[in-house]
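In what follows, a structure is listed as structure tokens, so that the remarks can point back to it.
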Amino acid sequence: MTTYLIRNAQILGGAPQDLHLVDGAIAAIGTALDATADIEIDATGLIVLPGLVDLHTHLREPGREDAETVLTGTRAAAKGGFTAVHAMANTFPVADTAGVVEQVWRLGQESGYCDVQPVGAVTVGLEGKKLAELGAMHESAAGVRVFSDDGKCVDDAVMMRRALEYVKAFDGVVAQHAQEPRLTEGAQMNEGQVSGELGLGGWPAVAEEAIIARDVLLAAHVGSRLHICHVSTAGSVEIVRWAKAKGWDVTAEVTPHHLLLTDELVRSYDPVYKVNPPLRTAEDVQALRKALADGTIDAVATDHAPHPAEDKDCEWAVAAMGMVGLETALSVVQQTMVDTGLLNWEGVADRMSHRPARIGRLAGQGRPVSVGEPANLVLFDPAYRGAVNPDSFATRSRNTPYKGLDLPGRVHATFLRGTATVLAGELVEQGGLA
Amino acid sequence: MKRHLVSAADLTRDDALLVLDTAEELAQLSGRAVKKLPTLRGRTVVNLFFEDSTRTKTSFEVAEKRLSADVINFSAKGSSVSKGESLKDTALTLQAMGADAVVVRHHASGAPARLAQSDWLHGSVINAGDGTHEHPTQALLDAFTMRRHLNPGAGNDLAGRRVTIVGDILHSRVARSNVHLLTTLGAQVTFVAPPTLLPIGIENWPCEVSYDLESVLPKTDALMMLRVQRERMNAAFFPTEREYTRRYGVDGPRMSRLPEHAIVMHPGPMVRGMEITAEVADSPRCTVVEQVANGVSVRMAVLYLLLGGATLTDTPRTDSVESAK
Amino acid sequence: MTAHQESAPRPPHQVLDGTDIARVITRIAHEIVERAKGAEDVVLLGIHTRGVHLARRLHARLAQITDQDIPLGTLDITMYRDDLRLKPARALEHTEIPPGGIDGRLVVLVDDVLFSGRTIRAALDALNDIGRPRAVQLAVLVDRGHRELPIRADYVGKNLPTSLREAVQVRLSDRDGVDAVLVGDRDFAARSSQALAAQATESHLPE
Ligand SMILES: [Zn+2]
């Protein structure tokens, strides 16, 4: 196995040190290490973070391979500094059986770019009517612990209660896509000043908040673990903060785009800004940043949602919802959280690696950067400045809202258990499978 | 003027007055034996209607033909929702046909804006009503009608005139375009509707809001009644037709509370017995029929001003071919 | 190019002053009465912009001579122009046909400068859509030549041979504060913002 000696890297933004990677693990850390390696990397000015862990990725395989495959999605993940992603269940067929989650898990293993942890559906076909075989998915090779009907809300209160209770048997967690369906019929964008002017169906904040409020109460009642997907409103933040203060086992994630973009962008009617949950107001963005900084929100999760061009090259109402995000996530977090002084690199490591790994119960991911730990690492250049160029993306889709935007920072290298998946900003082809 | 007319907010006061003054000149034509002008000879205007609307389409078609444009009617009803041809492919087709202007009516808010901003086609885009967003030529014909009654004369605006718009504001593209244009022209707009039929954020719009029609009537120069679809009842926007009519409809006694000079307007089609009684609809104060006639003049003015002059952008398109004819 | 720069553009010089213009209008009025046998069925139509002012003066003169109120109207030919696609769309002027109409009448079109003939072509097209006159005649203050269409004037205030490098400016007191006809180099005119403004409203450049 190739050995690496990384010179003068700033671990979590600290003083420059050398790291020696041998046999998939961190063999040594120190200044001016007296060691040799097959490849030596000058990491002057680069930050070392633990490999990023995404709780919320749509890899689209099986079923929508025109948008993304496990292979192209994990290549994008590696380019974004991720060493593990949770693959959402809303595929075709839905990942609601052991068979489908094992298929996705195996494709991830074969890709070699990034660990793929399948998420299982809570209900059969995401239809909210019948509990999926949660236990079987957990016992499968995929070892599923996170369950979500993401894309749809588990809106039936009894169904949600049962799911929360049931997964306790194997330390599982239900990740809720909080969207009250009746309040969001025909919804096209955040309900507020802009939706009123544009004549687009409003998606009220309360449709998200009402579900979160109900679910934290349910989770408290049955003593279960609850995770809230893509929190997008200031009100949701308040509810999560209240639940945590009560000592309830509630975690929450926020997407990079909800940390940066607002519904004002919808004025262009360009569906590249159409996403679920919708872009909210500037006040919401500020509340989300603050909540991520103080830990009320535990994790940044990309909600990477690739779509083929024809699903966005159309009128707003019929366009698909979602944005790609794996390859821009860390840059957006630098811009919104680090460069604003809200979070240091230690905090970034916590919200993008440690905590998401802990929520997903991923062994070997989200570990500290210290000797003896698996070498899941990312080298990040925070001084880089450049416009986002979708043509350089590894994802199969191009639906990024950041095209042409100057975002700070760039992933220089990513290591998955000591194997470089990205070097000098470029993908390293893995095992001839690529 | 901009190259497209997507929103009434695209029009400055000068633009709007130019349209109204031009329309006023063109209105003379309707009294002539020969109503046609050669102005747009050799230019192609496409009416792209994704939604049925006989009256708007007919009005545009008459306007286009009076200006001697080559008119193509492209009915694409429901095509993009039913996963037929996409808006993009339709636009590319029209571009290939050499459309100099596309008059587009679409059930999706923002579809004309998409067409105008895309590089799918190079002609002017005229919004003939998009979803629950805007209907700028309707607002122009409304303003034209109001000016004739309330402040006639070329160059005049609607400064200080009080316009009350009653009905389903939430779903009304007419209301949205009117609030932009009427404000630009100096009028004071008041919306009257049940709170369920007003958009969130209305308090930041440049207008007043009232839930009480009676109290607004004596302070109204133009009363515009909007159509209310019966289906809204099923979605609990209001309880019954009867209650809606009682609280927000206009009948003879209510009309009599308007000042002497005030007019009653309706963009059509009217739901008689719902928002307006026959007595009001058929009264001489009601301008519905006049609005239809004015629609042709205003649409001619818009077509002439967007198309009659030079194309100010760098669009090569079919110019060389046509000028060689 | 260098030759152009060597011969500096000449400033405009005056070819007609206010007295000249008044005399010319009187003369044309007499000619109309003479040729139209008392001007019984004449309708005067001034072509926007300066033709309208000239038509008004002609109308006043004819009233003095004939003791009749000859029908007077205005004609905006914008919608009939063949050069619409070369310039931004312009505001329309008011077309006003006298109450008696033009059917069976002798229409005398009045304009300031006859040049390419395209404006008159457009005016004839416009008349065609308005009615059927017995005959149409044309009165102009200045004929500067360079016709591009088979059109001629019936009444000419002054024949003014010009080169295409030159521009003719007509100024009328009702509009421009002073009565005068000026001729100068187009290059010079193009450098004078005042002349530029005048050009924008006139149609005397090659079209
Ligand atoms: Zn979701």
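Order of the sequence lines sets the chain letters (A, B, ...), proteins ahead of strands, with each chain counted from 1. Predicted model only: the values in this text are computed from it and were never measured. Values reported hereafter were calculated over all heavy atoms of this structure, with side chains retained and with hydrogens, waters and symmetry mates removed.
- Ranked by heavy-atom pairs under 4.5 Å with chain A, the list B/G201, B/P199, B/S109 is led by B/S109.
- Looking at every heavy atom in both residues, A/E315 comes nearest to B/A111 through CB-CB, 4.2 Å.
- Considering CG of A/L200 and OG1 of B/T132, their distance stands at 6.5 Å, rounded to 0.5 Å.
- Summarising the geometry, atom NE2 belonging to B/H133 is positioned 3.0 Å from atom OH belonging to A/Y269; distances are rounded to the nearest 0.5 Å.
- Taking CD of B/E134 as the reference point, atom CD of A/E197 lies at 9.5 Å (rounded to 0.5 Å).
- For A/L217, the CG atom sits in a packed shell: over 12 heavy atoms of surrounding residues, nucleotides or ligands are nearer than 6.0 Å.
- The shortest distance between side-chain heavy atoms of A/D270 and B/R114 falls below 4.5 Å.
- For CZ of B/R247, the number of neighbouring non-hydrogen atoms (other residues, nucleotides, ligands) closer than 6.0 Å is 12 at most.
- Proximity to chain B (any heavy atom under 4.5 Å) is shown, for A/E185, by neither the backbone nor the side chain.
- The residue among A/S195, A/G192, A/G201 with the most heavy atom pairs within less than 4.5 Å of chain B is A/G192.
- Under a cut-off of 6.0 angstrom, the local environment of CD in B/Q117 is crowded, with over 12 non-hydrogen atoms contributed by other residues, nucleotides or ligands.
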